[in-house]
There are 2 protein chains.
Amino acid sequence: MRGMLSFMILFLLSKRSMYGQELAEEIGRRKGEKPNPGTIYPALKDLTASRLVSVESHGRMTVYRLTKSGRTTLAKAQKYFARAYGDILVASKK
Amino acid sequence: MRGMLSFMILFLLSKRSMYGQELAEEIGRRKGEKPNPGTIYPALKDLTASRLVSVESHGRMTVYRLTKSGRTTLAKAQKYFARAYGDILVASKK
DNA sequence: ACTAGAATATTGGTTATCCAATAAAGCCTA
DNA sequence: TAGGCTTTATTGGATAACCAATATTCTAGT
């Protein structure tokens with residue numbers, strides 16, 4: 001994995017498969033700003049190269065889908081981040 | 001702020017003021033590996049320069065303390081990260 | 001006083017992360 | 001079939017984040 005962006009991508013794709021633009025918009029909604037193409041596509045390329053995400057072309061659109069390996073990687077990353085940052089975020093919820 | 005490490009430092013210092021080594025050990029407990037001096041001290045220096053953290057020397061020890069500005073910055077960062085990543089971590093808690 | 005160890009700190013360099021600009025390819029409407 | 005629009009993608013470069021190695025300063029035990 002690359003970092004927090006890749007982490008978020010894996011999570012979003014675990015909810016449902018998406019087109020790149022859908023992903024970018026959802027990320028934008030969470031982070032407050034839509035990521036640039038030069039940010040999101042290299043991240044997707046990286047995730048695809050490491051077999052955590054698979055691609056399927058439909059005309060000009062590309063569907064990104066979480067692989068089985070991506071799912072287990074996501075689960076591990078979630079545990080890691082929950083241990084490291086879980087209580088920090090919870091502490092801000094009130 | 002620099003990144004996730006600075007975020008964690010601010011949070012830990014919001015619990016109580018600490019020496020650098022205490023910080024490093026607590027971070028190590030959370031992240032699984034104690035950060036190198038070349039990681040943590042530049043981060044502390046940066047936080048100090050931006051007045052989010054204050055320092056107080058006691059012999060060879062240095063106490064790092066969260067400033068008022070650091071507290072408000074932390075609160076904002078917590079809201080941001082909670083919005084961006086909150087449900088991702090919560091989803092892994094079960 | 002000397003020395004061993006601990007805490008703090010800096011330096012130099014590597015990799016990760018991300019953006020701005022640009023390009024290409026497919027779709028739609030006229 | 002020409003034009004513009006959308007989506008996907010690449011390139012080049014800037015900055016952030018971090019580590020390994022080294023240096024400095026203070027403390028404590030002898």
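Excluded from the calculations below are hydrogen atoms, water molecules and symmetry mates; all remaining heavy atoms, backbone and side chain alike, are included.
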>> For the CE atom of B:M8 and the NZ atom of B:K31, what is their distance to the nearest 0.5 Å?
In response: 6.0 Å

> Given the rule in the side chain to side chain contact (heavy atoms under 4.5 Å, CB included) test, do B:Y19 and B:T62 qualify, once you have shown the distances and angles that lead to the verdict?
Replying inline: CA-CA 6 Å; B:Y19 298 116; B:T62 303; 5.7 Å; no

> When you look at A:L12 and B:I88, which way does the side chain to side chain contact (heavy atoms under 4.5 Å, CB included) test go after all the steps?
Replying inline: CA-CA 9 Å; A:L12 293 175; B:I88 303 185; over 6 Å; no

> OP1 or OP2 of C:dA6 sitting under 4.0 Å from any side-chain N/O of B:Q21?
Replying inline: no

>> Do B:M18 and B:L13 make a side-chain contact, defined as non-hydrogen atoms from C-beta onward lying under 4.5 Å apart?
In response: yes

>> Under 4.0 Å, heavy atom to any atom of DNA chain D: which of residues 53-61 of chain A qualify?
In response: A:R60, A:M61

> Of the non-hydrogen atoms in A:G70 and A:L10, which two are nearest, and what is the gap between them?
Replying inline: O-CD1, 4.3 Å

> What's the shortest heavy-atom distance between B:T67 and B:S54, and which atoms?
Replying inline: CG2-N, 3.7 Å

>> For residues 64-87 of chain A, which residue pairs pass the ring pair (Phe, Tyr, Trp, His ring centres under 6.0 Å) check, not counting sequence neighbours?
In response: A:F7-A:F81

> How far apart are the closest heavy atoms of A:T72 and A:S69, and which atoms are they?
Replying inline: OG1-O, 3.0 Å

>> So which atom in B:V63 and which in B:S17 form the shortest heavy-atom distance, rounded to 0.1 Å?
In response: CG1-CB, 3.9 Å

>> Judged by each residue's nearest nucleotide on DNA chain C, which is more toward the 5′ side, A:M4 or A:P37?
In response: A:M4

> D:dT7 C1' sits how many Å from A:M18 CE, rounded?
Replying inline: 16 Å

> Hey, does the side chain of A:N36 come within less than 4.0 Å of C:dA20's phosphate (OP1/OP2), counting only N and O?
Replying inline: yes

>> Strictly below 4.0 Å: does A:T62 bring a side-chain N or O up to OP1 or OP2 of D:dT7?
In response: no

Can you give the donor-acceptor pairs under 3.5 Å from side chains of residues 33-44 of chain A to other protein atoms, not counting sequence neighbours?
| residue | atom | partner | partner atom | Å |
| --- | --- | --- | --- | --- |
| A:K34 | NZ | A:Q21 | OE1 | 3.2 |
| A:Y41 | OH | A:Q21 | NE2 | 3.3 |

>> Can you pull out the residues from residues 38-47 of chain B that lie within a 4.0 Å heavy-atom distance of DNA chain D?
In response: B:G38, B:T39

> Looking only at heavy atoms, which two atoms of A:R30 and B:D87 are closest? And how far apart?
Replying inline: NH2-OD2, 2.6 Å

Polar pairs (N or O, both sides) under 3.5 Å between protein and nucleotides 14-16 of chain D?
| residue | atom | partner | partner atom | Å |
| --- | --- | --- | --- | --- |
| D:dA16 | O3' | B:R2 | O | 3.2 |

>> If I take atom CZ in residue A:F7 and atom P in nucleotide C:dA16, what distance separates them, rounded to the nearest angstrom?
In response: 19 Å

> So which heavy atom on A:L47 is nearest to which on A:S6, and how close?
Replying inline: CD2-CB, 4.1 Å

> Does B:R51 use its side chain to pair, donor to acceptor, with the backbone of B:K68 at less than 3.5 Å?
Replying inline: no

>> Heavy atoms within less than 4.0 Å of DNA chain D: which residues of residues 24-34 of chain A have one? Give them sorted by number.
In response: none

